[in-house]
Amino acid sequence: AISRWYFTSMIFLQLNEIILVESCHAIKPGMLNVHLVPHTHDDVGWLKTVDQYFYGARNDIQHAGVQYILDSVVDQLLKNPDRRFIYVETAFFYRWWKRQSGDMQDTVKQLVDEGRLEFVNGGWCMSDEATTHYSAVVDQMTIGLRFLNDTFGPCGRPRVAWHIDPFGHAREHASVFAQMGYDGFFFGRLDYQDRSRRKASREQEMVWRASESLVPPVADLFTGILPNGYNPPEGFCWDQLCDDPPIRDDPDLEDYNVEDVVSKFLTVAQEQAKVYKTNHIIMTMGSDFQYENANLWYKNLDKLIRYVNQKQVNGSNIHVLYSTPSCYLQELHRANLSCPYFPMRIDDFFPYADAAHDFWTGYFTSRPALKRYERISNSYLQVICNQMEVLGGPTSRNGSFGVGNSDTMKKAMAVAQHHDAVSGTEKQHVADDYARRLANGWTQCQVLVSNTLAALSGSSAPRVYCEHLNISVCPLTESSSKFSVNVYNPLARPVGWSVRLPVNGTAYAVTDSSGNVVPVSQATVVVRRDRGYAVNELLFQVRAPPMGYSTYSVSLLQKGPPPASPFPRAPKDIQNKVRFLKVTFDPETGLLSSLSNLETQQTVRLSQNFYWYNASDGNNKDSKQMSGAYIFRPNSSTTFIISKTAKIETVQNSVVQEVRQWFSPWVSQVVRLYADSRVLELEWTVGPVPIGDNMGKEVITRFDTSINSSGIFYTDSNGREVLQRRKDYRPTWTLTQTEPVAGNYYPINSRAYIKDEKDQLTVVTDRSQGGGSIQDGSLEIMLHRRLLHDDVRGVGEPLNEASDLYPEGLVVRGRLLLSLNPPAVAANTHRPLAQEVVLQPLITFTEGLLPPNTRPEVRDGRPLKPSFLTALPPAVHLLTVSQWDPDLVLLRLEHQYEARDSKEHSQPVTVNLQVSPLPSTFILLTGMNLSANQWKHEMTRLDWKVDSGKGHSPGCELTLPFST
Ligand SMILES: *[C@@H]1O[C@H](CO)[C@@H](O)[C@H](O)[C@H]1NC(C)=O
Ligand SMILES: *[C@@H]1O[C@H](CO)[C@@H](O)[C@H](O)[C@H]1NC(C)=O
Ligand SMILES: *[C@@H]1O[C@H](CO)[C@@H](O)[C@H](O)[C@H]1NC(C)=O
Ligand SMILES: *[C@@H]1O[C@H](CO)[C@@H](O)[C@H](O)[C@H]1NC(C)=O
Ligand SMILES: [Zn+2]
């Protein structure tokens, strides 16, 4: 049975047992204990590629070489057993480990066993929190944590999640970390106003209740805000990258400075203690790519510890020690705060601002093409690599089409989750490198699929993959007069889709009916350039059973009528035959004017258009901040309209009705309603964004509706639970709003909605984007950005994307899916819909016709074969099916409805899993935590007392040695 909103593999034993980290240095109970945490922050790609960072190549861009950091740290740890170090990014550690001798590996194992080298976080990378989807985050954490467990056993299991750099923090990340068994979470960045309030009230350490659906404390996570980002206190940076004076402790020498350094340190520690609650404080001694010459740091830290503690003989009550985040956390837990408890947090940490006009809300949309490629690669990984590898067994990896693997894609996707990867905040050559890794993953996966499909279908006809169907390019379907289409459904329920294939003929038979042909739009011809020549698109409906496939044959008919020419005006309205949806158009402008759900008989006014904000170039009376890869800083709240009217073409047949809107040479859209769909599709095409006027542009589409949204809208968190957003407001602190647009932007990973009592308009997106509701009843989504200035947060390049194929600027195409429902049942539509967008069907082609296909049919509610799974209940999502080792398959099931989502589906549900005989043994790995690196019965987490009310209990005074 899966209770509400659980991932299956996580039922927690709520023991109050406290796990002692035995390797921690002794603390002094009556004193202020200062935990020094030596660390390095190693970006898995940013200004340099991940490989350049590993080897220390291109030090002209940034001096950084991770291999030397690990060499040097291990060497220094061996010199003094008191020393400690933490390491975070398994992508780097794994590269380094593979190149070490057996002796060195044994030495490192011993350091880990003794707690001198501790892994924290431990995922492949430190993921971005605003633009990632939870399924990819769970995967990348699993890869890293698995390597650590396989290599070091339980001593390698990180206790603490560590997201010191991501630019704002998502609640779903905290929920996922809690369900992975972490005891605590530390980060460095939060809104400056929130921080200053938390400092004043000593609320920088808290318990984050990260789910409104899970029963506490399942998603409760202790969360600490680090004192200084992730840097050392000012004046105490002893890396080769820093300029602070070393400790000069020879009294005979001129510039002896021990007294100075010690007294300065005591002051810093006392000041810091004033903004935290216990008599323990943490200091992060390190920063970006530090410790390449670890001797510098450790030599000075050894001295600092010695000289500061010596003062205790003269009455100092400050004790400083080498420590790690888990040792620090353990002391916070031992402090057993009861009056008051640690406060509770229920909202998330978006958006992040570091000053009044500096909102980090641009990266929610930056590099929209990379964001889409990452999302569709996730689908490719889950469907093609993972499911096909399981279905095909060993033959999938070595079969009639050669040798392929899923590992390349897994690692490419894991790297792409990094907070400078899918976030779009890396340099251009690094973005290219992430895309190249994903492309290599696709190639490997395709070999796997060809092998599996050949084995399953008994046909060894070569499989053809068409990755550019979205711009009507597919050489096989364009040129062939007879071909087969294989559609594989990755979901655990039968699903139907509309397939659109570029063709050059006018009439086709599809299996035993006839397909519908529509002319390719002019906008598509423009964007595809000289790739492909199809003049038409063939459209037909397909269905496939749960985790199964169906095959369709397509043949060119010699004589067919040409498709009807497009009609040059907008119809008054379009509605589908089965009467699900109706949309009306304004005859004057060609724009949408209303949307109706014919089943529920609701109608809202809905107009939509495209606009841009002028990106600030720094010449602004309020601030010199420019818009850049991270920061969205419009020069003013004014939006510039691209065109008040659209040129229209209308195409209608029995499968689809399309109103093609052309706004300008760089903005067009297709409003598309399929015959049997409850969703309106808006396919937008934006670019090359013109910059000839020397103005950077942030392009949005905005829906203005009659919905009475009262300043409130909703966005999902990493594609899972939904959070309420209110204009100029933060749920747990008082905001002074300084940026009326950028300060009201939030990340949208998969959906956003506005609603009133009657109507809910939900928009499902095909990638992560930023958006807001600046006026009541309106919802805007940022689609593309092209900027002329850097925003001075380190990347050092303006976000001005072009490529060989599009030297005048990238063109981006995507889809927004709209649905209108009564709020109480809206989730019944948007939950499965968002899932279908995230896990897309796999479509492959073969030249010529295959043996008669297995027509997908549903009889008595059960799909016919070939299917590998009986359909799961609608509330249950098949999150992972992946080969774990030669004999085991990892299966993750997920209850996908929130407690408040749906009367019908939000209930606990029992799953009866019937899995067809598979080539490999299918063993259900229940009883593991979410990241599959710990058995359930071994899982105990620290319990925390929480102050669930706002503020302190009355009469509850803090008595601490250093309270002011
Ligand atoms: C402690 O105080 C005495 C007397 O002032 C002084 O001689 C000694 O150097 C001090 N010790 C330290 C570690 O500061
Ligand atoms: C924690 O404090 C409570 C009183 O608030 C006390 O009852 C309990 O025994 C303490 N626990 C430990 C482990 O000290
Ligand atoms: C595609 O069809 C068009 C229009 O019928 C025709 O002019 C063109 O030659 C065809 N292209 C190819 C390569 O067959
Ligand atoms: C962790 O690794 C050890 C071997 O080091 C293995 O015995 C154990 O089963 C692994 N734990 C999990 C949860 O896979
Ligand atoms: Zn970073």
Side-chain angles (χ1 to χ4, degrees), residues 39-48 50 53 62 64 66 88-89 91-92 121 123 125-130 162-169 187-189 226 229-231 247 249 251 256-263 265-266 284 286-290 303-320 352 360 363 415 417-427 430 472-481 502-508 517 519-520 525 528 530-538 556-563 565 629-630 793-795:
H39 80 106
T40 180
H41 176 66
D42 297 347
D43 289 306
V44 180
W46 178 40
L47 309 181
K48 310 204 287 191
V50 53
Y53 275 133
Q62 178 188 14
V66 175
V88 178
E89 297 85 4
F92 284 126
N121 215 57
C125 69
M126 184 186 293
S127 51
D128 179 55
E129 299 195 42
W162 182 259
H163 269 214
I164 54 180
D165 196 22
F167 332 123
H169 302 280
F187 62 69
R189 297 182 189 271
L226 296 168
Y230 51 91
N231 298 304
I247 298 182
D249 53 351
Y256 174 84
N257 66 353
V258 171
E259 294 307 321
D260 269 10
V261 173
V262 167
S263 83
F265 184 83
L266 293 176
T284 44
S287 193
D288 291 2
F289 296 97
Q290 294 196 358
K303 289 180 185 174
L304 182 77
I305 292 169
R306 184 161 79 244
Y307 294 125
V308 169
N309 289 348
Q310 267 177 15
K311 290 286 176 203
Q312 290 164 13
V313 298
N314 282 5
S316 158
N317 55 1
I318 292 187
H319 182 65
V320 54
Y352 163 56
W360 299 44
Y363 79 100
V415 163
Q417 305 311 305
H418 168 61
H419 57 270
D420 297 300
V422 63
S423 59
T425 55
E426 64 283 64
K427 281 188 185 292
V430 180
S472 287
V473 176
C474 176
L476 178 99
T477 61
E478 283 160 39
S479 61
S480 171
S481 56
V503 291
N504 210 39
T506 54
Y508 289 83
V517 173
V520 167
V525 170
R528 81 181 176 203
D530 51 7
R531 292 167 294 171
Y533 56 85
V535 294
N536 292 323
E537 282 174 349
L538 172 66
L556 175 67
L557 299 175
Q558 284 313 318
K559 287 191 203 77
S565 301
Y630 304 88
R793 292 303 184 282
V795 72

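Indexing begins at 1, ligand by ligand and atom by atom, following the structure's order. Heavy-atom basis, side chains included; hydrogens, waters and symmetry copies ignored.
Residue K311 approaches ligand 1 through these ligand atoms, each under 4.0 Å from one of its heavy atoms: 12 (C), 14 (O).
Minimum heavy-atom separation, M126 to H419: O-ND1, 2.8 Å. Summarising the geometry of A421 relative to V415, their closest heavy-atom pair is CB-O, 3.7 Å, with the distance given to 0.1 Å.
Here the N, O or S atom of D43 that is nearest to the Zn ion (ligand 5) is OD1. The atom of D165 nearest to the Zn ion (ligand 5) is OD2, with the search restricted to N, O or S atoms.
Atom 7 (O) of ligand 3 is never approached by the protein to below 4.0 angstrom, counting heavy atoms only. Proximity of atom 2 (O) of ligand 3 to the protein is indicated by at least one non-hydrogen atom lying closer than 4.0 angstrom.
Protein heavy atom at the shortest distance from atom 11 (N) of ligand 3 is N504 ND2, 2.8 Å. With hydrogens left out, the protein atom closest to atom 10 (C) of ligand 1 is N314 ND2, 2.5 Å, a heavy atom. Atom 13 (C) of ligand 3 has its closest protein heavy atom at Y533 CE1, 3.3 Å.
Although no hydrogens or angles enter the test, the distance criterion places no donor-acceptor pair under 3.5 Å between the side chain of E537 and the main chain of S472. T477 places no side-chain N or O within donor-acceptor distance of the main-chain N or O of V503, the cut-off being under 3.5 Å. Proximity of a side-chain donor or acceptor of N504 to a complementary backbone N or O of S479 within less than 3.5 Å is not detected.
Y352 and R189 share a side-chain donor-acceptor pair at under 3.5 Å.
Inclusion of H418 in the first shell of the Zn ion (ligand 5) is not supported: no N, O or S atom falls under 2.8 Å.
Each of V44, L47, V430 was scored for a side chain to side chain contact (heavy atoms under 4.5 Å, CB included) with Y53, with one residue passing: L47.
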